[in-house]
Protein chains: 2
Amino acid sequence: MKKIANFTTQKWKIMSESIKGKYEIRTNPNVSVDCVVFGFDGTELKVLLVQRVLRDNLDIEDDTLVLPGDLIIDDEDLDEAASRILRRLTGIKNIFLEQVGAFGSPDRLSKERDREWLEAVRVRPEARVITIGYFALINIQNYKIRPAGFAKHLEWRDYHTVEELGFDHNEILNCAILKLRDKLYREPIGFKLLPAKFSLHQLYTLYNEIMDAEIDRRNFRRRMLKTGFIKETDEYQEGVPHKPARLYTFVQKEFENVSKNNFKFY
Amino acid sequence: MKKIANFTTQKWKIMSESIKGKYEIRTNPNVSVDCVVFGFDGTELKVLLVQRVLRDNLDIEDDTLVLPGDLIIDDEDLDEAASRILRRLTGIKNIFLEQVGAFGSPDRLSKERDREWLEAVRVRPEARVITIGYFALINIQNYKIRPAGFAKHLEWRDYHTVEELGFDHNEILNCAILKLRDKLYREPIGFKLLPAKFSLHQLYTLYNEIMDAEIDRRNFRRRMLKTGFIKETDEYQEGVPHKPARLYTFVQKEFENVSKNNFKFY
DNA sequence: CCAAAAGTGTTGATGCTACACCCATGA
DNA sequence: TCATGGGTGTAGCATCAACACTTTTGG
């Protein structure tokens, strides 16, 4: 643990610029939100991670990766908090966000590096914090991700190569992936990870990747089309070194018609 | 709104008896837990509700029903908090409890009667509180429910006759029932609502009641037995005015064998 | 002997799995 | 012409829904 005590004054100064100036300073010291943002690059499932940083003008080394997250503000809803935080740290807005659950182990902030960061950044670093996990799905190409706030670098990391994250964020990530698998199984949300127009092959690899299974390609195709809410377009892939595939699109309206009857995906 | 301000002094006195005396007084003002406890009496799905009370020696009328819940203590886990609170308010312990999610609408405590209660009871009545909902299933006959803490009366209420509860507890209840239906559909948890030995008819009515569906009795029976983890016993119903039914029991071990393969209930 | 629920089988329809071949394109 | 993935069809099996009658017990 390096010379942290010294930073306290400076910390307050920074606080008042970066936080106080922009919001009413009614952040709640005990409740935070963390977001697991999933993306898909056509082959691999990705997670958006933040390299947290103390402040640019503080020279503590900390390359720990964490989920984008922060304390909530006292008069905002949890969902709002999640949107706000994601927007501020990454520039992403108007996004599908859903709660995963609350994480409140009393020692979830007790790793040494985490304490160090909290001491340097939080107004009440010692406070018990429970966090609400959210998960989000985005089409990786539609967003220009730009770091802001305390996010120093942002990084799309292959889900399978994620190592130890700060705080209890591995646990949150794990719950999120379980939730994702569960939902993919019976709600039409896979499309959110793809461009508006996609080939069935893309959808197929996505399912295989996330479900960690090998589905029969032909049956998969048939099932998807049979649902009635994946409609063909007149467009085809371009620039591929093989027969270009027809592009399809997800039609929300059709889904709503169908989904009254009990519907299962796969 | 009746004469609340007057109570403040008295409130503190009561606090220090009823709370401070028993726990380290490190309750977190911003995070609470509320429990939806389901039971089944053979016909109806029941929910355990608490008639909150200010204090016996305060004469404000408040017959509002709420879910059993309270603020968490700073060094306990959320799951622990849920167990503790349930134990303290109702005497129930060692029970299946699972998180439903976090509820954090900024106006979730803003009904007038809720404010009144908070003012009278909480150390920091104005604090923003987010709550973590839990749901529990118990066999209604195995527990002697006894009110304690701030629970004045406890009541097993028919799920279908629940009216307006305090705070945002209707919303929590609603999420819990959705979760219950969802789980009943694909995990063997219905048994937790029944005695260790039960007739298939009991199980059948339970499913019908909770799912709000009319399942074919014969197919239901077949499906359940085919799972392999509902085993017959040598016992039969007694004292019924018709042919007594054989009693069955859920065998956890068999379930674990079976459930490796992808298993669906109904 | 009557009421009330327990218990048992079959059939037809549907859906799913498993599998093999031809097609279109770019290099 | 070759490599790559796109695209289609079918047969057998398993599962599920729909349905009716006999049995056992207590009163």
Side-chain angles (χ1 to χ4, degrees), chain A residues 40-44 184-186 194-195 197-209 211 213-249 258-266, chain B residues 40-44 184-186 194-195 197-209 211-249 258-259 261-266:
Chain A
F40 184 66
D41 66 358
T43 312
E44 304 270 359
L184 206 54
Y185 183 74
R186 81 185 83 103
L194 294 176
K197 295 178 180 175
F198 52 86
S199 73
L200 288 178
H201 182 73
Q202 283 178 295
L203 193 60
Y204 172 71
T205 41
L206 187 156
Y207 267 75
N208 272 328
E209 163 77 3
M211 292 308 202
E214 295 204 15
I215 305 167
D216 184 276
R217 188 173 60 88
R218 297 157 288 200
N219 292 335
F220 178 83
R221 162 182 287 267
R222 187 183 8 253
R223 260 196 309 248
M224 286 297 153
L225 294 178
K226 191 165 51 105
T227 63
F229 50 76
I230 298 184
K231 295 288 191 192
E232 61 178 38
T233 69
D234 295 335
E235 295 175 48
Y236 293 82
Q237 282 182 312
E238 284 172 17
V240 287
H242 54 74
K243 176 175 176 179
R246 186 188 279 274
L247 300 182
Y248 292 79
T249 187
V258 172
S259 65
K260 283 162 199 156
N261 319 328
N262 61 339
F263 150 76
K264 246 168 283 167
F265 227 115
Y266 122 88
Chain B
F40 184 66
D41 67 357
T43 313
E44 304 271 359
L184 206 54
Y185 183 75
R186 82 186 82 103
L194 294 176
K197 295 177 181 176
F198 52 87
S199 74
L200 288 178
H201 182 73
Q202 282 177 294
L203 193 59
Y204 171 71
T205 41
L206 186 155
Y207 267 75
N208 272 328
E209 163 76 3
M211 292 308 202
D212 219 359
E214 294 206 15
I215 304 166
D216 184 275
R217 188 173 61 86
R218 296 158 287 198
N219 292 335
F220 178 83
R221 164 183 285 268
R222 184 180 13 251
R223 262 197 306 253
M224 287 297 154
L225 293 178
K226 190 165 53 105
T227 63
F229 50 77
I230 299 184
K231 296 289 190 190
E232 62 178 38
T233 69
D234 296 336
E235 295 175 49
Y236 293 83
Q237 281 182 312
E238 285 172 17
V240 287
H242 55 74
K243 177 175 175 179
R246 185 188 280 274
L247 300 182
Y248 291 78
T249 187
V258 172
S259 64
N261 319 328
N262 61 337
F263 150 76
K264 247 169 279 166
F265 227 116
Y266 125 87

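The chains referred to below are lettered A, B, ... by the order of the sequence lines, with proteins before strands, and numbering in each begins at 1.
For the pair A/I215 CD1 and C/dC16 P, the interatomic distance rounds to 14 Å; values are reported in whole Å. The nearest whole Å value for the distance from the OH atom in A/Y236 to the P atom in C/dT25 is 9 Å. Regarding A/L200, its CG atom lies at a distance of 22 Å from the P atom of D/dT4, rounded to whole Å. Between the P atom of C/dT25 and the NE2 atom of A/H201 lies a distance of 18 Å, rounded to the nearest Å. For B/N219 and C/dT8, the CG to P distance is 14 Å, given to the nearest whole Å. Here D/dG7 presents its P atom at 14 Å from OH of A/Y204, a figure rounded to the nearest Å. One can place CE of B/M224 at 17 Å from C1' of C/dA6, the figure rounded to the nearest angstrom. Atom CZ in A/R246 sits about 13 Å away from atom P in C/dA24, given to the nearest Å.
Of the candidate nucleotides D/dG6, C/dA4, C/dG7, D/dG6 has the atom lying nearest to any side-chain atom of A/K243. Closest to the A/R222 side chain, of the nucleotides D/dG9, D/dC19, D/dG6, is D/dG9. Comparing D/dG5, C/dA18, D/dA20 against the side chain of B/R218 picks out D/dA20 as the nearest. The listed nucleotides are D/dG6, C/dA18, C/dT8; the one nearest the side chain of B/R217 is C/dT8.
In this structure, the separation between CD on B/E235 and CZ on B/R246 is 10.5 Å, given to the nearest 0.5 Å.
Of the two residues near DNA chain D, A/P241 and A/L225, the one whose nearest nucleotide lies more 5' is A/P241.
At a threshold of 4.0 angstrom between heavy atoms, the contacts of A/R221 include nucleobase atoms, whether or not backbone atoms are also involved.
Shown are A/L194, A/L203, A/I230; of these, the side chain to side chain contact (heavy atoms under 4.5 Å, CB included) with A/Y248 is made only by A/I230.
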message: Pair A/K226, A/R221 - check side chain to side chain contact (heavy atoms under 4.5 Å, CB included), show working.
response: CA-CA 9 Å; A/K226 191 165 51 105; A/R221 162 182 287 267; over 6 Å; no
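Taking only side-chain nitrogens and oxygens, B/R223 comes nearer than 4.0 Å to OP1 or OP2 of D/dA17. A sub-4.0 Å separation between OP1 or OP2 of D/dT24 and a side-chain N or O of B/H242 is absent. Using a 4.0 Å cut-off, some side-chain N or O of B/K226 falls inside it from OP1 or OP2 of D/dC16.
Side-chain contact between B/L184 and B/L206: present, with at least one pair of heavy atoms (C-beta onward) separated by less than 4.5 Å.
The ring of B/Y207 has its center closer than 6.0 angstrom to the ring center of B/F220.
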